[in-house]
There are 2 protein chains.
Amino acid sequence: MQESTELFERRTTADVVFEQLYGEIASLELLPGTKLSEADVARRFGVSRQPVREALSRLGNLELVLVRPQRATIVRGFSLQRVAYARFVRLAIELEVITQACAVWDASCTSALQRNLDLQHKILETEPEQFHSLDLRFHLLICELAGCPLAAEAITECRQKIDRLCTLSLARQSEAATLLADHEKLAKALQAKSVDRALAITRQHLSRLDSTIKEIHSEHSEYFE
Amino acid sequence: MQESTELFERRTTADVVFEQLYGEIASLELLPGTKLSEADVARRFGVSRQPVREALSRLGNLELVLVRPQRATIVRGFSLQRVAYARFVRLAIELEVITQACAVWDASCTSALQRNLDLQHKILETEPEQFHSLDLRFHLLICELAGCPLAAEAITECRQKIDRLCTLSLARQSEAATLLADHEKLAKALQAKSVDRALAITRQHLSRLDSTIKEIHSEHSEYFE
DNA sequence: CCTCTCATTCTGGTATGGTAGAATACCACC
DNA sequence: GGTGGTATTCTACCATACCAGAATGAGAGG
């Protein structure tokens with residue numbers, strides 16, 4: 001979505017700091033509530049405060065940190081509202097993608113999707129921890145096949161907003177099997193070009209996240225704000 | 001969506017510069033391609049480069065400007081792709097909102113919506129230039145009535161991305177009448193809780209933007225990138 | 001007249017110092 | 001011992017100076 005015109009991206013100090021901090025926040029190495037002083041971070045990275053400031057500003061735009069002038073900058077916790085927002089948008093996008101997909105679906109689409117499904121089965125048995133990324137690939141693939149590459153961007157954006165939650169919802173292979181079954185059913189509905197069935201499956205598929213979120217909320221309420 | 005926890009917002013210099021530049025870009029006082037040198041802008045506002053830098057960075061996040069290190073920072077033109085992206089997301093959101101609305105619609109919703117429609121009629125005769133804002137209100141109102149305040153945020157966000165285009169598409173009262181007719185039909189479909197009809201009307205309603213965009217693209221191709 | 005080279009100038013990125021405001025800790029005073 | 005005021009210490013913000021890369025222009029060489 002960004003920097004499409006210029007491909008040579010100068011690697012700036014602010015970029016490095018930003019990406020490092022982003023990673024640490026997303027992976028929960030930096031827990032919500034952690035104070036991120038410009039000076040401290042600058043010392044830690046051995047750079048000046050300016051690029052740190054820039055990086056924190058960007059994190060603030062993504063609502064990952066809350067910068068309170070003259071007070072402090074802290075890592076924000078999860079917000080049920082923001083999660084719900086991302087969920088809603090994601091659902092809306094997926095539904096429209098499926099609608100479009102049904103309109104243009106053909107045999108080549110089915111086979112392309114089937115290759116991804118085969119991979120999912122294999123991964124689920126060998127390296128189940130990789131299932132999540134393949135899950136995402138599955139949905140993005142449908143976007144492409146439906147002729148909506150834009151939707152893929154939108155979905156990716158939604159996922160970024162709840163990246164950290166996914167970190168907490170690991171070790172759920174039992175659910176992975178359920179999700180894969182959903183994917184299978186969805187593929188069949190697409191093949192049959194049955195819009196209503198595909199939409200219903202999509203709704204149910206995404207709604208499975210809600211219970212997961214609920215559990216996380218009760219288990220780790222300290223991470224919420 | 002932002003700064004919900006802290007209500008006292010310190011008005012920082014960077015904020016002022018940002019909002020001023022944002023306004024000028026959105027209103028097309030600053031045309032696409034205009035160079036925005038940090039130093040120049042700083043001199044113009046009588047501040048140092050630092051807050052200007054911050055402001056430009058934020059504008060970059062919104063993709064309103066393109067900052068090219070060691071080269072220059074320029075106002076970005078419209079991008080058909082980004083417009084299409086906003087359009088797609090908007091459509092997806094609206095469709096889901098309508099679906100939800102049909103599920104919960106009752107008489108009170110109908111009357112609330114009718115009040116807005118009456119206003120639209122009156123405005124269209126007296127101050128047609130105000131119709132656009134009322135149009136937006138109409139859609140946001142449906143979000144609220146449908147119990148999806150989150151959708152309202154999403155729609156607002158989409159509109160911001162094509163704010164500048166709206167500036168160009170003024171003076172189109174003839175279309176306003178068409179849009180109002182759509183609104184009327186949509187209201188009837190909602191009252192009848194006819195999901196399919198409501199969705200179809202919504203699709204047609206939003207697709208009317210496409211021709212407008214096309215015209216603008218051919219009339220002002222110099223503003224596109 | 002064209003072309004290549006190099007110096008000048010402009011760009012954004014970085015480092016550093018200083019400032020105002022908010023929080024905190026401390027101490028006098030009740 | 002509890003309370004109120006004050007000084008210290010933090011914070012992010014702003015201004016200034018300097019840097020390296022990129023564009024631009026002029027001049028030398030063909």
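Quick caveat, the model's predicted, so the values are computed rather than measured. Each chain gets a letter, A, B and so on, in the order the sequences are listed, and its residues count up from 1. All values below were derived from every heavy atom in this structure, side-chain atoms included, with hydrogens, water molecules and symmetry-related copies excluded.
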Per salt bridge (Lys or Arg N to Asp or Glu O under 4.0 Å), B:Asp210 is matched among B:Arg87, B:Arg90, B:Arg203 by B:Arg87
To the nearest angstrom, the CD-P distance between A:Glu38 and C:dG18 comes to 17 Å
**Prompt:** Salt-bridged, A:Arg115 to A:Asp118, with N to O below 4.0 Å?
**Reply:** no
To the nearest angstrom, the NZ-P distance between B:Lys35 and C:dC10 comes to 9 Å
For this session: Could you tell me whether the phosphate oxygens of C:dT14, OP1 or OP2, come under 4.0 Å of any side-chain nitrogen or oxygen in A:Ser48?
Result: no
- Task: Answer with base, sugar-phosphate or nothing: what part of the nucleic acid does A:Ala14 contact at a heavy-atom distance below 4.0 Å?
- Result: sugar-phosphate
Original post:
Taking only side-chain nitrogens and oxygens of B:Thr13, does any of them come within less than 4.0 Å of OP1 or OP2 of D:dC14?
Top reply: yes
**OP:** Pick base, sugar-phosphate or nothing for B:Leu36, based on heavy-atom distances below 4.0 Å to the nucleic acid.
**Re:** sugar-phosphate
The ring-ring contact (aromatic ring centres under 6.0 Å, His included) partner of A:His217 among A:Phe224, A:Phe78, A:Tyr223 is A:Phe224
Side-chain atoms of A:Gln50 come closest, of D:dA17, D:dT11, D:dA15, to D:dA15
Is A:Thr12 near enough to C:dT14 that one of its side-chain N or O atoms lies under 4.0 angstrom from OP1 or OP2?
yes
Item checked: Presence of donor-acceptor pair under 3.5 Å, side chain of B:Arg49 and base of C:dG13 -> yes
Strictly below 4.0 Å: does B:Thr73 bring a side-chain N or O up to OP1 or OP2 of C:dT11?
no
Side-chain contact check for A:Arg71: nearest option of C:dT11, D:dA15, C:dA22 is C:dA22
Against the side chain of B:Ala72, the closest entry in C:dT14, D:dA12, C:dT11 is C:dT11
To the nearest angstrom, the CZ-P distance between A:Arg53 and D:dA15 comes to 11 Å
Ranking C:dT11, D:dT11, D:dC13 by distance to the side chain of A:Pro69, first place goes to D:dC13
Here the distance between atom P of D:dG21 and atom CZ of A:Arg11, to the nearest Å, is 17 Å
- Hey, what's the ring geometry for A:His183 with A:His205, parallel, tilted or perpendicular (30° and 60° as the breaks)? perpendicular
Which of C:dA15, C:dT11, D:dA12 is nearest the side chain of A:Gln70? It is D:dA12
Here the distance between atom P of D:dT11 and atom CG of A:Leu66, to the nearest Å, is 16 Å
Here the distance between atom C1' of C:dA15 and atom CZ of A:Phe45, to the nearest Å, is 17 Å
Rounded to whole Å, the CZ-P distance (B:Arg68 to C:dG13) equals 12 Å
Taking every heavy atom of A:Arg82 against every heavy atom of A:Gly77, the minimum-distance pair comes out as NH2-O, 3.1 Å
A:Asp40 CG to D:dC10 C1', in whole Å, measures 10 Å
